[in-house]
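So you know, we letter chains A, B, ... as the sequences are listed, proteins then strands, and number each from 1. Computation of the quantities below employed the complete heavy-atom set of this structure, encompassing side-chain atoms and omitting hydrogens, waters and symmetry-equivalent molecules. Computed from a predicted model, the values in this text were never measured in an experiment.
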Protein chains: 2
Amino acid sequence: MLRISRLTDYGTLVLAQLSREGDCPTSAAEVASATGIGLPTVSKLLRLLAKADVVRSTRGARGGYRLARPASRISAAEVIDALEGPVSITECSAHGSHCDLEAVCNVGSAWQRINLAIRRALSDVTLNDLQRANAPVPRFEFAGMPIHVERDR
Amino acid sequence: MLRISRLTDYGTLVLAQLSREGDCPTSAAEVASATGIGLPTVSKLLRLLAKADVVRSTRGARGGYRLARPASRISAAEVIDALEGPVSITECSAHGSHCDLEAVCNVGSAWQRINLAIRRALSDVTLNDLQRANAPVPRFEFAGMPIHVERDR
DNA sequence: TTCAAATAGGACTAAAATAGTCCTCTTTTC
DNA sequence: GAAAAGAGGACTATTTTAGTCCTATTTGAA
């Protein structure tokens with residue numbers, strides 16, 4: 001349930017690698033060999049991330065990619081949006097209210113609120129957190145109420 | 001991103017309908033006609049939900065389905081687990097730690113913790129919450145633009 | 001000034017997950 | 001015993017996702 005795509009998962013590895021490389025442009029090929037992910041796939045990921053301004057590209061010889069800003073200012077939500085598109089938790093909620101079952105459907109809005117809660121949480125998790133193994137578990141809220149979340153287990 | 005499947009969405013409609021019917025067994029056909037979802041699909045959903053003990057079935061003539069307990073004690077997480085299987089946010093985290101990139105992968109645990117937090121949030125949302133239709137529908141926006149996505153059908 | 005190293009972008013294919021349908025069997029009521 | 005229901009599984013079609021490849025463009029440096 002609620003799974004991020006494999007590509008997004010790879011995306012975080014790629015970004016983590018760029019983060020390690022610091023500010024000088026790193027080529028897709030270097031990232032590929034450092035992460036073990038195939039070059040065509042890495043290239044595709046980096047292109048998508050560049051389009052979303054999560055990374056910046058430099059073309060030409062000695063070119064490559066680097067993070068568009070520090071890892072502490074890149075959120076998990078941005079990465080997911082860049083790689084999967086900003087879609088919502090249910091299909092119909094993404095269209096406003098265009099769905100065949102509209103007349104009888106009355107459950108939409110709670111899913112939307114759940115979605116919002118999840119997005120908010122993902123916005124609070126940065127690439128830095130994703131890299132650091134022991135960051136605190138994010139706090140979730142639903143309908144304005146904090147939802148209690150356990151610490152590690 | 002992070003979308004529940006259409007079947008799960010339908011599942012909540014089906015459950016909402018059963019909840020409205022109260023405690024007497026309601027046939028899949030009745031649910032289908034009340035919700036506008038196809039009968040074969042409704043049957044499949046109810047069978048899965050019965051297997052997970054979210055609904056209880058009565059066989060034979062005048063049989064049907066009813067909720068296994070009050071709507072306030074059925075969580076969104078249970079419904080998702082029943083219809084999509086209990087999987088995690090990333091592929092590798094679902095298998096323990098079997099992934100080709102294991103040696104170079106150091107981002108796993110934060111996703112796992114995000115996953116835990118999301119599950120926790122979904123466990124706190126009940127079918128009752130999902131049915132209550134009116135709460136202000138938050139306009140969903142990203143980077144200032146309302147998000148819509150996805151093709152029409 | 002030309003070559004090689006890069007990214008940009010899109011088209012395409014293959015594989016996997018999802019959705020939906022259908023058929024047959026069993027259980028139960030009337 | 002007939003009809004109304006669920007159980008279960010097999011199957012097909014569709015959609016999504018992943019991954020590859022080709023060509024064009026940009027840039028640095030010999």
Between CD of B:E30 and P of D:dA5 the distance, given in whole Å, is 7 Å
NA contact type, A:K51, heavy-atom cut-off 4.0 Å: base, sugar-phosphate, or nothing? nothing
Partner set under side-chain contact (heavy atoms from CB on, under 4.5 Å) for B:R56, not counting sequence neighbours: B:D53, B:A68
Start at the 5' end of DNA chain D and walk down; is the nucleotide closest to A:R62 or to A:G38 reached first? A:G38
Going by an N to O cut-off under 4.0 Å, is there a salt bridge joining A:E78 and A:R73? no
Donor-acceptor contact below 3.5 Å, side chain B:Q17 vs main chain B:A34: no
Have a look at A:A28 and say if it touches a base, only the backbone sugar-phosphate, or nothing, with a 4.0 Å heavy-atom cut-off. sugar-phosphate
Heavy atoms only, 4.0 Å cut-off, all strands: where does A:G64 land among base, sugar-phosphate and nothing? sugar-phosphate
Please tell me if A:T41 has a side-chain N or O lying less than 4.0 Å from either OP1 or OP2 of D:dT20. yes
Quick one: is B:Y10 getting a side-chain N or O under 4.0 Å of the C:dT18 phosphate, OP1 or OP2? no
In whole Å, what is the span from the CZ atom of B:R56 to the P atom of C:dT28? 16 Å
Please table the atom pairs, donor to acceptor, closer than 3.5 Å between any side-chain atom in residues 37-48 of chain B and protein atoms at least two apart or in another chain.
| residue | atom | partner | partner atom | Å |
| --- | --- | --- | --- | --- |
| B:S43 | OG | B:L39 | O | 3.0 |

Regarding D:dT25, can its base be found pairing with the side chain of A:R59 as donor and acceptor, where the two atoms are less than 3.5 Å apart? yes
Classify A:T58 by what it touches in the nucleic acid, base, sugar-phosphate, or nothing, heavy-atom distance under 4.0 Å. sugar-phosphate
Nucleotide C:dT18, atom P - distance to NZ of B:K44 in whole Å: 11 Å
Expressed as a whole number of angstroms, how long is the span from B:L7:CG to C:dG20:C1'? 8 Å
Please check if any side-chain donor atom of B:T58 sits under 3.5 Å from a side-chain acceptor atom of B:R66, or the reverse. yes
Could you tell me whether the phosphate oxygens of D:dG6, OP1 or OP2, come under 4.0 Å of any side-chain nitrogen or oxygen in B:S43? no
Side-chain N or O of A:R6 versus OP1/OP2 of D:dG19: is the shortest distance under 4.0 Å? yes
B:L18 CG to D:dA5 C1': how many Å, rounded? 15 Å
Mark yes or no for a side-chain to base donor-acceptor pair under 3.5 Å between A:R47 and C:dG9, with no hydrogen or angle criteria applied. yes
